[in-house]
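Data block below; observations after.
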Protein chains: 2
Amino acid sequence: MARNPLTREEVLEAAASLVRRHGPAALTMRGLAADLGTAVTSIYWHVGNRESLLDALVERTVQEMGAVRPVGRTPAARILSVARILRRELRGRPHLIAMVHERGLTERMFLPAQQALVHEVHAAGLRGARAADAVRAIQFQIVGFLLVERNRERSPAQSPAEGDLWDPATAPDDPALARALSRPADPERLFLLSVRALTEALLARPGD
Amino acid sequence: MARNPLTREEVLEAAASLVRRHGPAALTMRGLAADLGTAVTSIYWHVGNRESLLDALVERTVQEMGAVRPVGRTPAARILSVARILRRELRGRPHLIAMVHERGLTERMFLPAQQALVHEVHAAGLRGARAADAVRAIQFQIVGFLLVERNRERSPAQSPAEGDLWDPATAPDDPALARALSRPADPERLFLLSVRALTEALLARPGD
DNA sequence: ACCTGAACACCGTTCAAGT
DNA sequence: ACCTGAACACCGTTCAAGT
């Protein structure tokens, strides 16, 4: 029955794996103890309580999102690459990202990306308060889009579906638009299109 | 001890009030029963169980978000007014909106707004797939921004704070930018600025 | 320093019984 | 048709006791 002494790291690892696979609701202290083959109360010795266990998982996730390396020739292209990188990272950890969001740490998670954006906006020639606005607008745009997209994926069958509302009868004067809106959106395309449009408007804007 | 017979509507009202004030975690079946002065089990007769009670609250919220009346002279102005209206509505029900989001119904909640956006984009001269893209990009932008903003508000003291990262030592070549980023963002200003910039880029873009 | 089982207060839910 | 209390299985957490 002897087993290596339990470590905090083991607890976190098992908990993270549980959350990754089945979401935070599936993480019960008793279930986790069963997974680890220890008494429930041992876990408390290592991580305090459930709340601080979740905090630790969130903290881990925030750290993991730290690396952002923009690529591309122009500032606009490099900004777009930041968007692309963030999208990929986010989509790999849906439950953990949701937990970061619930805890109000979404912004902190994106600070490294913000630094990258500052650099690019600066390279594009923006300065001062105008540069700050551009950085924040793009940051909000990227993060916001990804939150909406995640929601859409997890979403149950929608009723009424977008399609039901946009059949030709509702918009008789533009069947192509009705058709486009009744098809599911391609999120990646829409994402890149949106970031590109916003970036263009923000970088092009001259001083007033 | 006689009291009017409990109704489903009463249960929903009491539950909604509880959630509005203290969030969904504060809604326990036993606590709700105590508020209503009935046995816990009566509630089950009226609403099934906790899950479907929450579903009903969410459904209510989605319905309440139905009315959108754009105002303004130009399509761009009217789109901005839609954004403004949505922002106000959302901010009045933070907990309920979070629940809508958790249930993956954010999109459905915004269908009326989508219809309004279609109308405006159409008035601005966009047609077909291009119009559909513009509508969706703006919709994602608005919804996403509001989700991020809500997160920021609920957020605990951030460490490191934005300010810590953007002190003059970090960005020595643009003190005005460092200063701007170390001040808290003004969300309303940033929101309107972002929507305006994106709308401008999307409406101005000619066919290719 | 680390682990354990027993116990506590709290959940949501079911059910048989009442009127 | 509507309400009730008792009971069940499940939580997170504490604590005194072990090694």
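Here is the naming used below: chain letters follow the sequence lines, and residue numbers restart at 1 for every chain.
Straight-line distance from the CG atom of Leu27(A) to the P atom of dC10(D): 17 Å, rounded to whole Å. As rounded to whole Å, 17 Å separates atom P of dC11(C) from atom CG of Asn49(B). As a whole-Å value, the separation of Leu36(A) CG from dT4(C) P is 11 Å. Between the CZ atom of Arg50(A) and the C1' atom of dC11(C) there is a distance of 13 Å, rounded to whole Å. We find that CZ of Arg8(B) is positioned 13 Å from P of dC2(D), with the value rounded to whole Å. Rounded to an integer number of Å, the gap from OH of Tyr44(B) to P of dA17(C) is 21 Å. Nucleotide dC11(D) holds its C1' atom 14 Å from the CG atom of Leu54(A), rounded to whole Å. Distance CD (Glu51(A)) to P (dC11(D)): 17 Å, rounded to an integer number of Å.
Of the candidates dC3(C), dT4(C), dT13(D), the closest approach to any side-chain atom of Met29(A) belongs to dT13(D). For Thr41(B), whose side chain is taken as the heavy atoms from C-beta onward, the closest listed nucleotide among dG5(C), dG12(C), dA6(D) is dA6(D).
The partner of dT4(D) is dA16(C), by the rule that a Watson-Crick or G-U pair needs both atom distances under 3.5 Å. For dC10(D), there is no paired base (Watson-Crick or G-U wobble, both distances below 3.5 Å).
Under 4.0 angstrom from either OP1 or OP2 of dT4(D) there lies at least one side-chain N or O belonging to Ser42(B). Dashed line: the shortest gap from a side-chain N or O of His46(B) to OP1 or OP2 of dC3(D) is under 4.0 Å.
When heavy atoms are screened at a 4.0 angstrom cut-off, Thr28(B) is found touching the sugar-phosphate backbone but no base atom. No engagement by Ile43(A) is indicated, since no non-hydrogen atom pair under 4.0 Å with the nucleic acid exists. Among the heavy atoms of the strands, none lies under 4.0 Å from Leu32(A).
Around the CZ atom of Arg69(B), the shell of radius 6.0 Å holds no more than 12 heavy atoms that belong to other residues, nucleotides or ligands.
Side-chain contact, Ser52(B) with Asn49(B): a donor N or O sits under 3.5 Å from an acceptor N or O.
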Full working for side chain to side chain contact (heavy atoms under 4.5 Å, CB included) between Leu146(B) and Arg87(B)
CA-CA 7 Å; Leu146(B) 294 173; Arg87(B) 182 163 183 272; 3.5 Å; yes
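Residue order along DNA chain C, read from the 5' end via each residue's closest nucleotide, puts Val40(A) first among Arg30(A) and Val40(A).
The minimum heavy-atom distance linking Leu147(B) with His101(A) is given by the pair O-CE1, 3.7 Å.
The existence of a salt bridge linking Glu188(A) and Arg88(A) is excluded, since no basic side-chain nitrogen approaches an acidic carboxylate oxygen closer than 4.0 Å.
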